Amino acid sequence: SQKIEQNSEALNIQEGKTATLTCNYTNYSPAYLQWYRQDPGRGPVFLLLIRENEKEKRKERLKVTFDTTLKQSLFHITASQPADSATYLCALVTGGFKTIFGAGTRLFVKA
Amino acid sequence: KAGVTQTPRYLIKTRGQQVTLSCSPISGHRSVSWYQQTPGQGLQFLFEYFSETQRNKGNFPGRFSGRQFSNSRSEMNVSTLELGDSALYLCASSPSTGDRSGYTFGSGTRLTVV
(Lines give C-alpha, C1' and ligand atoms only; values in the text may rest on other atoms or scores of the structure.)
Protein backbone atom coordinates (compact mmCIF):
# COMPACT_ATOMS: atom_id res chain seq x y z
CA SER A 1 0.00 0.00 0.00
CA GLN A 2 1.05 3.61 -0.45
CA LYS A 3 2.42 5.30 2.65
CA ILE A 4 4.12 8.51 3.70
CA GLU A 5 5.84 8.30 7.05
CA GLN A 6 7.13 11.05 9.25
CA ASN A 7 8.47 10.48 12.71
CA SER A 8 5.41 10.66 14.93
CA GLU A 9 7.52 11.32 18.00
CA ALA A 10 8.29 14.93 18.76
CA LEU A 11 11.80 16.16 18.15
CA ASN A 12 13.36 18.15 20.98
CA ILE A 13 16.55 20.08 20.31
CA GLN A 14 18.56 22.88 21.85
CA GLU A 15 18.60 26.35 20.35
CA GLY A 16 21.43 26.80 17.86
CA LYS A 17 21.57 23.14 16.86
CA THR A 18 20.48 21.68 13.54
CA ALA A 19 17.08 19.99 13.45
CA THR A 20 16.70 17.13 10.97
CA LEU A 21 13.27 15.78 10.10
CA THR A 22 12.63 12.70 7.96
CA CYS A 23 9.98 11.87 5.39
CA ASN A 24 9.86 8.36 3.96
CA TYR A 25 7.46 7.09 1.33
CA THR A 26 6.58 3.79 -0.29
CA ASN A 27 4.81 2.90 -3.52
CA TYR A 28 4.70 6.45 -4.79
CA SER A 29 6.52 8.01 -7.70
CA PRO A 30 6.36 11.66 -6.78
CA ALA A 31 6.90 14.36 -9.33
CA TYR A 32 8.06 16.57 -6.50
CA LEU A 33 7.96 16.97 -2.76
CA GLN A 34 6.98 19.92 -0.60
CA TRP A 35 7.55 20.86 3.03
CA TYR A 36 5.13 22.89 5.10
CA ARG A 37 5.11 24.38 8.58
CA GLN A 38 1.95 24.32 10.71
CA ASP A 39 1.37 26.19 13.94
CA PRO A 40 -1.44 25.21 16.35
CA GLY A 41 -4.86 26.30 15.15
CA ARG A 42 -3.55 27.49 11.79
CA GLY A 43 -3.32 26.08 8.30
CA PRO A 44 0.01 24.79 6.95
CA VAL A 45 2.39 27.31 5.38
CA PHE A 46 4.43 26.32 2.32
CA LEU A 47 8.21 26.40 2.87
CA LEU A 48 10.11 24.59 0.12
CA LEU A 49 9.65 22.44 -2.95
CA ILE A 50 12.14 19.97 -4.43
CA ARG A 51 11.76 18.18 -7.76
CA GLU A 52 12.48 14.51 -8.36
CA ASN A 53 15.61 15.33 -10.36
CA GLU A 54 17.01 17.63 -7.68
CA LYS A 55 19.20 16.34 -4.85
CA GLU A 56 19.16 19.39 -2.60
CA LYS A 57 17.41 22.73 -2.17
CA ARG A 58 18.23 25.57 0.21
CA LYS A 59 16.37 28.60 1.48
CA GLU A 60 17.97 30.70 4.18
CA ARG A 61 18.39 28.36 7.20
CA LEU A 62 16.39 25.58 5.56
CA LYS A 63 17.75 22.71 3.49
CA VAL A 64 15.85 19.86 1.87
CA THR A 65 17.31 16.73 0.30
CA PHE A 66 15.48 14.23 -1.88
CA ASP A 67 16.73 10.69 -2.51
CA THR A 68 14.39 8.87 -4.90
CA THR A 69 16.42 5.66 -4.52
CA LEU A 70 15.95 5.59 -0.76
CA LYS A 71 12.47 7.12 -1.17
CA GLN A 72 13.34 9.65 1.48
CA SER A 73 13.49 13.39 2.02
CA LEU A 74 15.36 15.10 4.85
CA PHE A 75 14.46 18.57 6.08
CA HIS A 76 17.13 20.50 8.00
CA ILE A 77 16.82 23.69 10.00
CA THR A 78 20.25 25.07 10.88
CA ALA A 79 20.89 27.39 13.82
CA SER A 80 17.43 26.55 15.13
CA GLN A 81 15.50 29.05 17.22
CA PRO A 82 12.56 28.69 19.63
CA ALA A 83 10.42 30.39 16.96
CA ASP A 84 11.03 27.36 14.73
CA SER A 85 8.94 25.25 17.11
CA ALA A 86 5.99 23.94 15.07
CA THR A 87 4.77 20.87 13.24
CA TYR A 88 6.46 20.21 9.90
CA LEU A 89 4.63 18.34 7.16
CA CYS A 90 5.99 16.76 4.04
CA ALA A 91 3.77 16.39 0.99
CA LEU A 92 4.21 14.34 -2.15
CA VAL A 93 2.79 15.57 -5.42
CA THR A 94 2.14 12.70 -7.79
CA GLY A 95 2.25 12.76 -11.56
CA GLY A 96 -1.55 13.03 -11.44
CA PHE A 97 -1.19 16.24 -9.43
CA LYS A 98 -2.69 14.79 -6.28
CA THR A 99 -0.96 16.10 -3.14
CA ILE A 100 -0.64 13.64 -0.27
CA PHE A 101 0.52 14.82 3.14
CA GLY A 102 2.40 13.04 5.87
CA ALA A 103 1.07 13.27 9.43
CA GLY A 104 3.84 15.68 10.43
CA THR A 105 6.59 15.84 13.03
CA ARG A 106 6.37 18.18 15.99
CA LEU A 107 9.58 20.14 16.63
CA PHE A 108 10.39 21.81 19.95
CA VAL A 109 13.41 24.10 20.14
CA LYS A 110 14.48 24.92 23.69
CA ALA A 111 16.18 28.19 24.55
CA LYS B 1 -3.25 40.53 -1.19
CA ALA B 2 -5.90 38.83 0.92
CA GLY B 3 -5.23 35.24 1.92
CA VAL B 4 -7.50 32.24 1.78
CA THR B 5 -10.66 32.86 3.77
CA GLN B 6 -12.63 30.06 5.35
CA THR B 7 -15.95 30.50 7.08
CA PRO B 8 -17.08 29.79 9.65
CA ARG B 9 -14.02 29.29 11.89
CA TYR B 10 -15.87 27.12 14.38
CA LEU B 11 -19.00 25.02 14.10
CA ILE B 12 -20.85 22.66 16.41
CA LYS B 13 -23.39 20.32 14.87
CA THR B 14 -25.44 17.36 16.00
CA ARG B 15 -25.18 13.87 14.55
CA GLY B 16 -27.40 13.46 11.52
CA GLN B 17 -27.32 17.12 10.55
CA GLN B 18 -25.62 18.49 7.49
CA VAL B 19 -23.08 21.29 7.21
CA THR B 20 -21.71 23.58 4.51
CA LEU B 21 -18.27 25.13 4.72
CA SER B 22 -17.07 27.96 2.54
CA CYS B 23 -13.69 28.87 1.08
CA SER B 24 -12.63 31.98 -0.81
CA PRO B 25 -9.26 31.45 -2.50
CA ILE B 26 -6.62 34.04 -3.18
CA SER B 27 -7.67 36.37 -5.97
CA GLY B 28 -6.55 34.90 -9.28
CA HIS B 29 -6.19 31.36 -7.94
CA ARG B 30 -8.43 28.94 -9.78
CA SER B 31 -7.67 25.69 -7.96
CA VAL B 32 -9.19 24.90 -4.58
CA SER B 33 -8.47 21.74 -2.60
CA TRP B 34 -10.07 20.53 0.60
CA TYR B 35 -8.43 18.51 3.36
CA GLN B 36 -9.63 16.97 6.59
CA GLN B 37 -7.16 17.06 9.47
CA THR B 38 -7.48 14.93 12.58
CA PRO B 39 -4.84 14.16 15.24
CA GLY B 40 -4.74 10.48 14.34
CA GLN B 41 -4.89 10.66 10.54
CA GLY B 42 -3.14 13.89 9.67
CA LEU B 43 -4.19 15.73 6.52
CA GLN B 44 -6.48 13.63 4.35
CA PHE B 45 -7.29 14.80 0.83
CA LEU B 46 -10.98 15.28 0.10
CA PHE B 47 -11.18 16.78 -3.38
CA GLU B 48 -9.79 19.39 -5.72
CA TYR B 49 -11.68 21.78 -7.96
CA PHE B 50 -10.37 23.75 -10.89
CA SER B 51 -12.49 25.95 -13.11
CA GLU B 52 -15.69 24.63 -11.50
CA THR B 53 -14.76 20.98 -12.25
CA GLN B 54 -13.71 18.34 -9.77
CA ARG B 55 -10.23 17.24 -10.88
CA ASN B 56 -9.26 14.83 -8.10
CA LYS B 57 -11.09 13.04 -5.34
CA GLY B 58 -9.91 11.33 -2.19
CA ASN B 59 -11.27 8.23 -0.49
CA PHE B 60 -14.18 9.70 1.41
CA PRO B 61 -17.80 8.53 1.39
CA GLY B 62 -20.40 10.20 -0.79
CA ARG B 63 -21.64 12.17 2.22
CA PHE B 64 -18.77 14.53 1.47
CA SER B 65 -19.32 16.69 -1.57
CA GLY B 66 -18.15 19.97 -2.93
CA ARG B 67 -18.51 22.48 -5.66
CA GLN B 68 -16.77 25.50 -7.09
CA PHE B 69 -18.37 28.64 -8.44
CA SER B 70 -17.38 30.76 -11.41
CA ASN B 71 -15.56 33.20 -9.11
CA SER B 72 -13.45 30.25 -7.82
CA ARG B 73 -15.07 30.29 -4.39
CA SER B 74 -15.74 26.78 -3.17
CA GLU B 75 -18.06 25.07 -0.74
CA MET B 76 -17.97 21.64 0.75
CA ASN B 77 -20.95 19.87 2.21
CA VAL B 78 -21.13 17.00 4.65
CA SER B 79 -24.50 15.32 5.04
CA THR B 80 -25.71 13.00 7.80
CA LEU B 81 -22.90 14.01 10.14
CA GLU B 82 -21.18 11.38 12.24
CA LEU B 83 -19.09 11.84 15.39
CA GLY B 84 -16.01 10.82 13.40
CA ASP B 85 -16.46 13.82 11.11
CA SER B 86 -15.21 16.08 13.89
CA ALA B 87 -12.03 17.60 12.49
CA LEU B 88 -10.30 20.69 11.18
CA TYR B 89 -11.31 21.21 7.54
CA LEU B 90 -8.71 23.06 5.54
CA CYS B 91 -9.04 24.72 2.19
CA ALA B 92 -5.99 25.34 0.03
CA SER B 93 -5.73 27.43 -3.10
CA SER B 94 -3.20 27.53 -5.90
CA PRO B 95 -3.05 29.26 -9.27
CA SER B 96 -3.76 26.05 -11.17
CA THR B 97 -3.93 22.28 -10.82
CA GLY B 98 -0.58 20.79 -9.94
CA ASP B 99 0.97 24.19 -9.47
CA ARG B 100 4.49 23.81 -8.16
CA SER B 101 4.52 26.92 -6.04
CA GLY B 102 2.78 25.12 -3.20
CA TYR B 103 -0.60 25.60 -1.66
CA THR B 104 -1.79 28.57 0.34
CA PHE B 105 -4.00 27.30 3.13
CA GLY B 106 -6.76 29.01 5.04
CA SER B 107 -6.94 28.81 8.83
CA GLY B 108 -9.59 26.13 8.60
CA THR B 109 -13.03 25.42 9.98
CA ARG B 110 -13.09 23.48 13.23
CA LEU B 111 -16.15 21.21 13.09
CA THR B 112 -17.34 19.45 16.22
CA VAL B 113 -20.10 16.87 15.92
CA VAL B 114 -21.92 16.04 19.16
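None of these values were measured; they are calculated from a predicted model. We use all heavy atoms of the structure for the numbers below, so side chains are in, but hydrogens, waters and symmetry mates are not.
- Counting non-hydrogen atoms of neighbouring residues, nucleotides and ligands closer than 6.0 angstrom, the CD1 atom of B:Ile12 reaches no more than 12 such neighbours.
- For the atom pair OG1 (A:Thr99) and CG (B:Asn56), the distance works out to 8.5 Å, reported to the nearest 0.5 Å.
- When every heavy atom of A:Arg42 is checked against every heavy atom of B:Ser107, the shortest pair comes out as NE-OG, 3.6 Å.
- Neither the backbone nor the side chain of B:Arg55 comes within contact range of chain A; no heavy atom of the residue lies under 4.5 Å from a heavy atom of that chain.
- Dense packing is recorded around CG of A:Asn53, with more than 12 heavy atoms of other residues, nucleotides or ligands lying under 6.0 Å away.
- How far CZ of A:Phe101 is from CD of B:Gln37: 9.0 Å, rounded to the nearest 0.5 Å.
- The aromatic rings of A:Tyr36 and B:Tyr103 are tilted relative to each other, their planes meeting at an angle between 30° and 60°.
- Counting non-hydrogen atoms of other residues, nucleotides and ligands closer than 6.0 Å to CD of A:Gln14 gives a total above 12.
- Both B:Leu11 and B:Leu83 are part of a single hydrophobic cluster, where members link through side-chain heavy atoms under 4.5 Å apart.
- The environment of B:Lys57 atom NZ is dense: over 12 non-hydrogen atoms of other residues, nucleotides or ligands sit within 6.0 angstrom.
- Note: A:Pro44 leads A:Pro44, A:Ala91, A:Ala103 in heavy-atom pairs under 4.5 Å with chain B.
- The CD atom of A:Gln38 sits 6.5 Å away from the CG atom of B:Leu90 when rounded to the nearest 0.5 Å.
- Interface residue A:Leu89: only side-chain heavy atoms are found under 4.5 Å from chain B.
- Both B:Phe60 and B:Tyr49 belong to a single network of hydrophobic side chains, linked directly or stepwise wherever heavy atoms of I, L, V, M, F, W or Y lie under 4.5 Å apart.
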